[in-house]
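We count ligands from 1, going down the list as the structure has it; atoms in each ligand are counted the same way. Every value quoted in this text rests on a predicted model; they were computed, and no experiment measured them. We use all heavy atoms of the structure for the numbers below, so side chains are in, but hydrogens, waters and symmetry mates are not.
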Amino acid sequence: MAEQHVREPDKGRAARSPWLVALLGLSFGLPVGVMVLVGGPSAVDARVLAAVFFAAVVAEWVNVHVEFRRQSFHSSASELAFVIALLELGGAWTAVTRAAAVALVLMVQRLPAPKVLFNTAVAVLEAGVAVVILGWLPGGDIASVLTWVACLVAVFAANAVAACFVAAAITLTEGYPGRPIWASLFTPVVVVSPVAVLIGLAILLLLHAAPWSWVIIAPLAVALVLLYRRFASVTREGQSLEQVYEFARRVEEVRPDEAGTRQIVQAVRELLNAERVALWLPPYLDEEPRLVVATEDGAHWYDGPGDPDDVLRRRAVGSSGGVVHVAASRADAAEAAALARRGVSDLLGAPVTTAAGEPGYLEVCDRRSDLVTFSSSERGALDSMLTHVNAAIRQQQLLTRIRYDADHDRLTGLPNRQRLAAEVDALLSDGSGGGRAGLILASLGTYADVTDTLGHAASDELLLVTAGLLREHAPPRALLARMEREQFAVLLPGLSLAATERAARRLREAAATRVRVAGLDLEVSLTIGVVAAPVHGADAGTLMQRADVALLAAGTSGGVASYHPVMDQQSLRRLQLGTELEQAMADGRIGVVFQPVIDAKTSDIVSVETLVRWTHPRYGAVPPEDVIGLAEQIGRIGAVTDHVLDLALARCRRWLDQGIALSVAVNVSARSLADVDLVQRIKGALDRHGVPGELLVLELTESSVVDDAVRESLVLEDLHDLGLRLSMDDFGTGYSSLSQLRQLPIDEVKIDKSFVLTMATGQGEAFIARSIIELAHNLGLCVVAEGVEDEMTRNQLMAMGCDKLQGFLISRPLPEDRLEKWLLARTGVRSAAPGATHRRLFVRT
Ligand code: C2E
Ligand code: CA
Ligand code: CA
């Protein structure tokens with residue numbers, strides 16, 4: 001049903017039909033007119049003729065409802081004039097006066113020519129039918145009952161024929177409207193016209209009996225007309241109420257989308273019987289402003305509703321807004337100009353409430369009837385319809401909001417991954433830009449640290465600042481999106497791989513700045529993965545997955561990396577390892593090995609370094625650097641540190657239980673040092689295992705120790721206060737000078753194995769090792785050499801005064817059971833030093 005109402009108007013048919021209808025009227029009206037006139041008009045009193053013509057004009061004028069649609073085409077007042085004319089003037093003059101009156105009135109009211117022709121022809125036809133019937137039936141004397149009956153039959157037949165013509169005309173112009181048309185056309189024929197005929201007869205009888213009776217009849221007629229009009233307006237109000245109900249019903253059925261909006265506008269147009277209705281809606285979220293126009297001859301855009309300065313729209317949506325009615329006849333100059341711009345003469349304008357913070361505007365132009373203009377009842381009807389329009393628009397905007405939220409990031413308001421994917425696919429499938437596009441995936445380096453140390457509010461702020469920087473420096477046509485967590489993406493339509501790489505580098509440099517977040521100066525450093533279509537893929541899924549791979553590679557190579565197929569294998573493995581890390585720790589598949597460190601002079605075992613090992617069922621032994629790098633990348637390094645610490649202290653505890661005091665060393669990654677609760681966690685672990693702090697060594701890398709943030713945080717002091725030893729690992733590879741160490745609570749330095757391994761052959765390395773040992777001793781620090789593989793190196797180091805040795809020469813890192821055997825085979829237990837509770841181990845040489 002709703003479908004039928006809203007089907008698009010057929011332009012060709014609408015333009016053709018009025019003339020077709022006129023032709024239909026004429027083809028019947030003309031012959032009938034000729035036939036009636038052939039008898040020749042009888043001689044009549046000119047005064048009577050004039051009076052009847054005048055009455056016919058007035059009757060037509062007062063109540064004409066000659067529309068093809070919706071309203072009855074006939075009125076009781078013209079019926080009255082018709083009866084009087086028939087009996088007083090005869091058929092020919094009736095036809096003439098009636099046709100002339102109809103034509104005159106309709107022309108004055110500027111009805112289109114086809115409509116005038118049709119209605120005039122129907123008037124002639126009616127007269128003809130009445131004349132024929134009156135001729136057949138007996139009667140003639142106004143006082144005779146037979147005449148009265150004849151009159152009733154004749155007028156009834158005339159009206160019935162006319163109603164059939166109107167029905168035909170409607171069917172021709174609009175298609176067959178269904179059964180209700182017969183009820184609406186024939187009810188007046190059956191109910192109203194007999195009454196009119198009877199009144200007409202009564203008036204004639206009175207006039208014949210007493211010519212002066214018009215003095216009584218005239219005021220009575222005026223009163224009757226007024227009553228009728230009142231009745232008609234009540235009917236119309238009733239109709240408009242019905243209209244609103246029907247409207248509400250139809251609006252409820254429409255879908256909350258673009259097509260639904262058009263249906264609503266179309267429904268307003270049909271129910272208010274308007275030529276044109278336009279709905280303007282303000283921009284909302286990512287939607288552009290919309291102008292939806294419904295017209296009889298197909299939608300076309302027109303100026304006015306979209307113009308915020310338009311005087312009519314301003315009045316409707318203004319502060320005192322509401323439905324406004326502007327008619328050309330009563331318009332001031334500005335209003336008249338606004339009407340003229342639209343090419344209309346009668347307009348209803350109304351505000352539409354929206355969720356956009358700005359009202360929309362609904363405009364209804366020109367009644368489709370040329371005879372009736374909008375009245376207060378249409379205004380009221382529109383007012384009531386507005387409630388439903390508003391509700392429908394709100395409903396639509398709610399859905400728009402839900403849709404928008406689903407594919408936008410809450411925090412930054414940027415499109416999310418899902419939306420980006422849709423945009424990429426749309427871009428690549430529409431063929432513009434030759435299927436070329438660059439995609440940049442950027443990861444914010446400091447995000448995890450900021451979240452861990454400063455909390456989510458600060459990292460959110462950092463994300464917002466970064467989004468701003470990216471927006472500012474991205475090329476103009478780029479689409480910026482926020483992916484999960486610390487990742488952003490930039491889609492660059494039409495760019496080649498080389499151009500995308502250049503853009504990525506520029507973006508990285510431009511964004512590399514210090515920004516103020518949560519009262520601190522933080523660095524924005526981006527790692528960027530680059531892919532381009534079509535070289536790396538032709539759909540969003542492939543491109544985004546490969547951008548992920550490129551980003552991972554960029555993370556290890558630093559800066560910007562473009563995708564390359566060899567990356568896939570590696571990254572797949574990393575991805576899988578990342579997801580399994582936690583479970584592997586729980587299942588004990590991530591364990592540790594121990595590597596002894598001995599005293600260079602006494603060969604006593606002073607400690608064992610705990611080194612992480614992961615034996616993966618599919619990938620075999622995962623290198624520790626990979627385990628640590630991966631854990632850092634997915635933010636689980638803290639858990640790994642705790643796991644290793646736990647295993648190390650548990651081992652230490654068992655030695656203590658055997659009466660042996662042997663230190664354990666644990667590596668702490670730079671990232672872990674930034675954890676605010678690191679000190680607490682280490683203290684907790686020591687307490688849990690009942691191991692004194694003196695038996696724990698933490699190995700920290702040089703770069704992490706000299707980092708400003710670490711130095712400011714006093715974490716080293718706090719760790720030192722727990723009684724444990726701090727060892728600076730990989731010394732010599734960083735850029736710190738030994739003098740910088742003076743201010744830090746460091747106990748020992750570990751000369752990096754890269755110097756030790758090549759010492760025996762390279763002069764330079766030996767010199768560096770010697771310098772480190774001397775300077776460290778001057779600062780009162782203990783020196784450990786790692787990577788001792790041969791006797792010569794060992795002797796060199798001992799000659800230089802190095803304090804401790806670690807390396808394959810002494811022992812490879814060993815799993816726990818083999819370490820036990822190694823200890824048993826190679827070491828003796830010295831008795832406890834005087835005053836000490838635990839014994840010491842030494843290596844038999
Ligand atoms: P590192 O802390 O410098 O550990 C010493 C590395 O040198 C170990 O490698 C060890 O097996 C190796 N090594 C010892 N003696 C010799 C030698 O004479 N010759 C040679 N060529 N190598 C020797 P591994 O176990 O592969 O560990 C590599 C790195 O992984 C470690 O370097 C450390 O930075 C990191 N790592 C290992 N376990 C952990 C851990 O539990 N936590 C953290 N944060 N890092 C760890
Ligand atoms: Ca180490
Ligand atoms: Ca080392």
Item to complete: Would you verify that at least one protein heavy atom lies under 4.0 Å from atom 34 (O) of ligand 1, or report that none does?
Response: no
Response to the item:
Going by the 4.0 angstrom heavy-atom rule, the piece of Q595 near ligand 1 is side chain
Worksheet item: In terms of atom number and element, which parts of ligand 1 are under 4.0 angstrom from non-hydrogen atoms of V788?
Response: 18 (O)
Discussion item. I'd like to know whether ligand 1 has R613 as a neighbour, heavy-atom separation below 4.0 Å.
Written reply: yes
Worksheet item: If you measure from atom 27 (O) of ligand 1 to every heavy atom of G807, P624, A648, A665, which option wins on shortest distance?
Response: P624
Practice prompt. With atom 32 (O) of ligand 1 as the reference point, say which of K753, E699, R812 has the nearest heavy atom.
Written response: K753
Worksheet item: For ligand 1, is E789 a contact, meaning one of its heavy atoms is under 4.0 Å away?
Response: yes
Discussion item. My question is simple, although I want it checked carefully: is atom 20 (C) of ligand 1 less than 4.0 angstrom from any protein heavy atom?
Written reply: yes
Practice prompt. Specify whether the nearest protein heavy atom to atom 15 (N) of ligand 1 is under 4.0 angstrom away.
Written response: yes
Name every donor-acceptor pair, under 3.5 Å, that has one atom in a side chain of residues 462-470 and the other anywhere in the protein, sequence neighbours excluded.
residue, atom, partner, partner atom, Å
T466, OG1, L462, O, 2.7

Worksheet item: Out of L611, T610, T793, who gets a non-hydrogen atom closest to atom 8 (C) of ligand 1?
Response: L611
Worksheet item: Ignoring water, what protein N, O or S atoms are under 3.0 Å from the Ca ion (ligand 2)?
Response: E609 OE2, N667 OD1, E699 OE1, D729 OD2
Item to complete: Examine R818 relative to W822 and say whether NZ or CZ is less than 6.0 Å from the centre of the six-membered ring and inside a 45° cone about the ring axis.
Response: no
Enumerate, atom names and distances included, each donor-acceptor pair closer than 3.5 Å involving a side-chain atom of residues 680-688, sequence neighbours excluded.
residue, atom, partner, partner atom, Å
R681, NE, D642, OD1, 3.2
R681, NE, D642, OD2, 3.1
R681, NH1, D675, OD2, 3.2
R681, NH1, D677, OD1, 3.1
R681, NH2, G638, O, 3.3
R681, NH2, D642, OD1, 3.0
K683, NZ, D687, OD2, 3.2
R688, NH2, D646, OD1, 3.3

Discussion item. Tell me whether K750 reaches ligand 1 (any heavy atom closer than 4.0 angstrom to a ligand atom).
Written reply: no
Discussion item. For ligand 1, which is the ligand I care about here, please tell me if V644 has any N or O atom under 3.5 Å from one of the ligand's N or O atoms.
Written reply: no
Practice prompt. Would you please name every residue forming a ring pair (Phe, Tyr, Trp, His ring centres under 6.0 Å) with F767, sequence neighbours left out?
Written response: none
